[in-house]
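Each ligand, and each atom within it, is numbered from 1 in the order the structure gives. Along the sequence shown, residues carry numbers from 1.
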Amino acid sequence: MMIRPYRWLAQYYDQLFSSFRFPIDTAREEVLAPILPRVQTACDLACGTGTTALIFARKGINMYAVDLSPQMCRLTSEKADRARLPVVVFRADMRSFRLPEAVDLITCEYDALNHIPRRADLRIVANAVHRALRPGGHFYFDVNNARGFCRYWSGTIWFEKPGMAVVMRNGHNRHADRAWSEMDWFIRDGRCWRRHHERVEEVCWKSNEIRRVFKQAGFDHLRAWDATPFFTKNLLIDPGCRTIYLAHKVLG
Ligand SMILES: C[S@@+](CC[C@H](N)C(=O)[O-])C[C@H]1O[C@@H](n2cnc3c(N)ncnc32)[C@H](O)[C@@H]1O
């Protein structure tokens, strides 16, 4: 099934979502603290604008960054070039990506895993991640749960920045385990404003589904944390809305 890659959202992603960076960064630092000293190579899957890839590269980790969106890949490469950090960026689908070497750690943050369209895709991503990790390597990811879909994928949100405005009409269908955001972008172009439409969809994964799929793919350990303690300033996120996982690939 075709996925519509981020286009306009890529261009304004850092401006719109910068307030979420702190909890995302804090959760990663805390959960990965025990394993990070042993990580030499890593990949940020669905890397967005490259923020996490650059944080790891600054620590001296050999970094790969993968995203489906050409705009996201370009932004990551530009950020890495500006910071003079050696991040190797690949435009690829998380269902079929391949890396030139097996890595110690793969991260996939900010509910990127909810973006895969079909239920069968979760198994395909788990297998692709397993293939890309060295034995004993880790996969770190977070997901939105059904409760999160109900809490914050509803209603209309309006963001306005100089030269840009976006209206996001959010919705979810509990029975279909899906949530979506219909975005209407108004982008200033000289004296005109141009309107663009974009849709992002998420699929809700149940925790038992995640556990089963990752076990079948060859991960022997899956630890989970509720994300609420990291999102203290976001009143919409309460227990059960988001979960952070760390999966360990069997040593071999
Ligand atoms: C919510 S953003 C998260 C970006 C980044 N991980 C972060 O923490 O800011 C979701 C990202 O997933 C990417 N994406 C969606 N579907 C994908 C797929 N099938 N394969 C790879 N990347 C995908 C999007 O282009 C977007 O950059």
>> Check the orientation of H115 and Y6. Use parallel for under 30°, tilted for 30 to 60°, and perpendicular for over 60°.
In response: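 Plane angle between 30° and 60°, so tilted.
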
>> Can you classify the ring geometry of F90 versus Y64 as parallel (below 30°), tilted (30 to 60°) or perpendicular (above 60°)?
In response: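 Taking Y64 first and then F90, their aromatic rings lie parallel (interplane angle under 30°).
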
>> Apply side-chain contact (heavy atoms from CB on, under 4.5 Å) to residues I244 and F230 and explain how you reach the verdict.
In response: CA-CA 10 Å; I244 297 164; F230 303 107; 3.7 Å; yes

> Do the side chains of T52 and R21 get nearer than 4.5 Å, heavy atoms only?
Replying inline: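 Yes, at least one pair of side-chain atoms sits under 4.5 Å.
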
> Is there a side-chain contact between F139 and L246, using heavy atoms and a 4.5 Å cut-off?
Replying inline: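 No; the side chains remain at least 4.5 Å from each other.
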
Min N/O separation [X] to ligand 1 under 3.5 Å:
X	result
T52	no
I24	no
H115	no
M94	yes
R95	no
E109	yes
C47	no
D93	yes

> Between H248 and Y140, is the gap from one ring center to the other below 6.0 Å?
Replying inline: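 Between Y140 and H248, which both carry aromatic rings, the centre distance is not below 6.0 Å.
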
> For ligand 1, which atoms sit closer than 4.0 Å to a heavy atom of M72?
Replying inline: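 Going through ligand 1 atom by atom, the ones under 4.0 Å from M72 are 27 (O).
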
> What atoms of ligand 1 come within less than 4.0 Å of a heavy atom belonging to R21?
Replying inline: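 So the answer, numbered in order with elements, is 7 (C), 8 (O), 9 (O).
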
> Can you check side-chain contact (heavy atoms from CB on, under 4.5 Å) on W185 and H197, steps first, answer last?
Replying inline: CA-CA 6 Å; W185 293 89; H197 184 76; over 6 Å; no

> With a 4.0 Å cut-off on heavy atoms, is T51 touching ligand 1?
Replying inline: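 No; T51 lies far enough from ligand 1 that no heavy-atom distance drops under 4.0 Å.
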
> Given that the side chain starts at C-beta and the backbone is N, CA, C, O, which of these parts of E202 lies under 4.0 Å from ligand 1, counting heavy atoms, or is it both or neither?
Replying inline: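 Neither part.
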
> Looking only at heavy atoms, is any part of A92 under 4.0 Å from ligand 1, and if so is it the side chain, the backbone, or both, or is it neither?
Replying inline: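 Under 4.0 Å from ligand 1, A92 contributes backbone atoms alone.
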
> Any idea which of F97, Y110, Y13, F17 brings a heavy atom closest to atom 4 (C) of ligand 1?
Replying inline: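 Minimum heavy-atom distance to atom 4 (C) of ligand 1 goes to Y13.
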
>> I need the single residue from L122, L68, I124, N127 that forms a side-chain contact (heavy atoms from CB on, under 4.5 Å) with R95. Which is it?
In response: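 Output: one option passes, namely I124.
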
> Out of curiosity, N144 CG to T243 OG1, how far, rounded to the nearest 0.5 Å?
Replying inline: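 Reported to 0.5 Å precision, the distance equals 9.0 Å.
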
